[in-house]
Amino acid sequence: MEAQAPYPVQFAVSYPDRELNRLSTAFRLFAAIPIAIIAYLVGGNQETVEAGRHAASFASAGGAISVATLLMLLFRQKYPRWWFDWNRELLRFENRVAAYLALLDDRYPSTDEQQSVALDFPYPDAKNELNRWLPLVKWLLAIPHFILLAFLWLGAFGAVIAAWFAILFTGRYPRGLFDYVVGVFRWTNRVLGYSYLLVTDEYPPFRLRD
């Protein structure tokens, strides 16, 4: 059987194979308020940084830059490099904040270091790799993903609550719950890379794993 080619948008979180900080876990929502405010201010007024609303909150991912990118691709077939770098670094930062809220890491989110959260996608050759008209309908094509992600994030919310109790009592994030939550993050980032950041024309796969 031929192995599946990796999707251009790659996401992973290193499993914390150690005892997690119970105190910071217990008060995670309160501890995250300062960095959540920073993420809100950096990301724009449409941004809402919550682990349980990851799909909706990351959709703006730079706000007006997403719309500007669409227009630039449509009329000039160009994706300015600094717009790409801004979108990627902002999405990385938002993922670190969301991962902290989802208890995937007990280290406070950095504004610049990747820490345990790895997110990457290649800079596209806009003229040769991206269809200039497809950005107009990508949001429509992604609707099946948005519907599924709504249910997946409900499950992830329940998984995070269960993990919260597990960490308080055992100091460990159950591996099955961890892999599921990371999988939902991965799926969400693929859809955002396709439909909002517009870094690839390859349709996102319907799967949680790599």
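Between the side chain of R96 and the backbone N or O of E113, at least one donor-acceptor pair lies under 3.5 Å. The main-chain N or O of L119 is never found under 3.5 Å from a side-chain atom of Q10 such that the two would form a donor-acceptor pair. No donor-acceptor pair under 3.5 Å is formed between the side chain of R132 and the backbone N or O of Q77. A donor-acceptor distance shorter than 3.5 angstrom exists from the side chain of Q115 to the backbone of Y108, with no hydrogens or angles considered. Using a distance-only test at 3.5 Å, with no hydrogens or angles considered, a donor-acceptor pair links the side chain of R22 to the main chain of L168. Of the possible donor and acceptor atoms, none in the side chain of N21 sits under 3.5 Å from a partner among the backbone N and O of D106.
Side-chain contact between R207 and R190 is present, with heavy atoms from C-beta onward closer than 4.5 Å. Contact of the F121 side chain with the T200 side chain is not registered, since no non-hydrogen atoms from C-beta on lie closer than 4.5 Å. When side chains are defined from C-beta on, P204 does not count as touching W187, because their heavy atoms never get closer than 4.5 Å. No side-chain heavy atom of P16 sits less than 4.5 Å from a side-chain heavy atom of S116. Side chains of P144 and F206 form a contact here, defined as non-hydrogen atoms less than 4.5 Å apart. A 4.5 Å side-chain heavy-atom check between L103 and R28 finds at least one atom pair inside the cut-off. Proximity of Y203 to H145: side-chain heavy atoms (C-beta onward) are separated by under 4.5 Å at one or more points. Side chains of L198 and K138 form a contact here, defined as non-hydrogen atoms less than 4.5 Å apart.
None of W164, Y15, F178 except one satisfies the ring pair (Phe, Tyr, Trp, His ring centres under 6.0 Å) rule with Y173; the exception is F178.
V181 approaches A156 most closely through the heavy-atom pair CG2-O, 4.2 Å. Across Y180 and L152, no two heavy atoms sit closer than the pair OH-O, 2.8 Å. Here the closest heavy-atom approach between residue A142 and residue V191 is recorded as CB-CG1, 4.2 Å. For the pair P109 and V97, the tightest heavy-atom approach, listed with the atom from each and the gap, is CG-CA, 4.0 Å. Here the closest heavy-atom approach between residue D201 and residue Y194 is recorded as O-CE1, 3.6 Å. The two residues A126 and L73 make their nearest non-hydrogen contact at CB-CD2, 3.8 Å.
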Give the C-alpha distance, both sets of side-chain angles, the deciding distance and a yes or no for side-chain contact (heavy atoms from CB on, under 4.5 Å) between M72 and L70. CA-CA 5 Å; M72 186 65 80; L70 184 153; over 6 Å; no
Show the numbers, then the answer: is there a salt bridge (Lys or Arg N to Asp or Glu O under 4.0 Å) between D179 and R209? CA-CA 9 Å; D179 289 342; R209 66 185 186 279; over 6 Å; no
Steps toward salt bridge (Lys or Arg N to Asp or Glu O under 4.0 Å) verdict (R18, D105): CA-CA 11 Å; R18 55 182 171 80; D105 194 350; 3.7 Å; yes
Let me see the working for L136 and W133 under side-chain contact (heavy atoms from CB on, under 4.5 Å), right down to the final yes or no. CA-CA 6 Å; L136 294 173; W133 304 107; 4.1 Å; yes
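Using the six-membered ring where Trp is involved, Y79 and Y123 have ring planes that are perpendicular, over 60° apart on the 30 and 60° scheme. The aromatic rings of F165 and F169 sit parallel to each other, their planes meeting at less than 30°, with 60° as the upper class boundary.
Annotation: cation-pi geometry not satisfied between R107 and Y100 (NZ/CZ under 6.0 angstrom from ring centroid, within 45° of ring axis).
Aromatic ring centres of W153 and F185 lie closer together than 6.0 Å.
Other residues, nucleotides and ligands place no more than 12 heavy atoms under 6.0 Å from the CG atom of L29. Within a 6.0 Å radius of CZ in R76, other residues, nucleotides and ligands contribute 12 heavy atoms or fewer. Summarising the local packing, CZ of F27 is surrounded by 12 or fewer heavy atoms from other residues, nucleotides or ligands at distances under 6.0 Å.
The CD1 atom of I38 sits 7.5 Å away from the OG1 atom of T111 when rounded to the nearest 0.5 Å.
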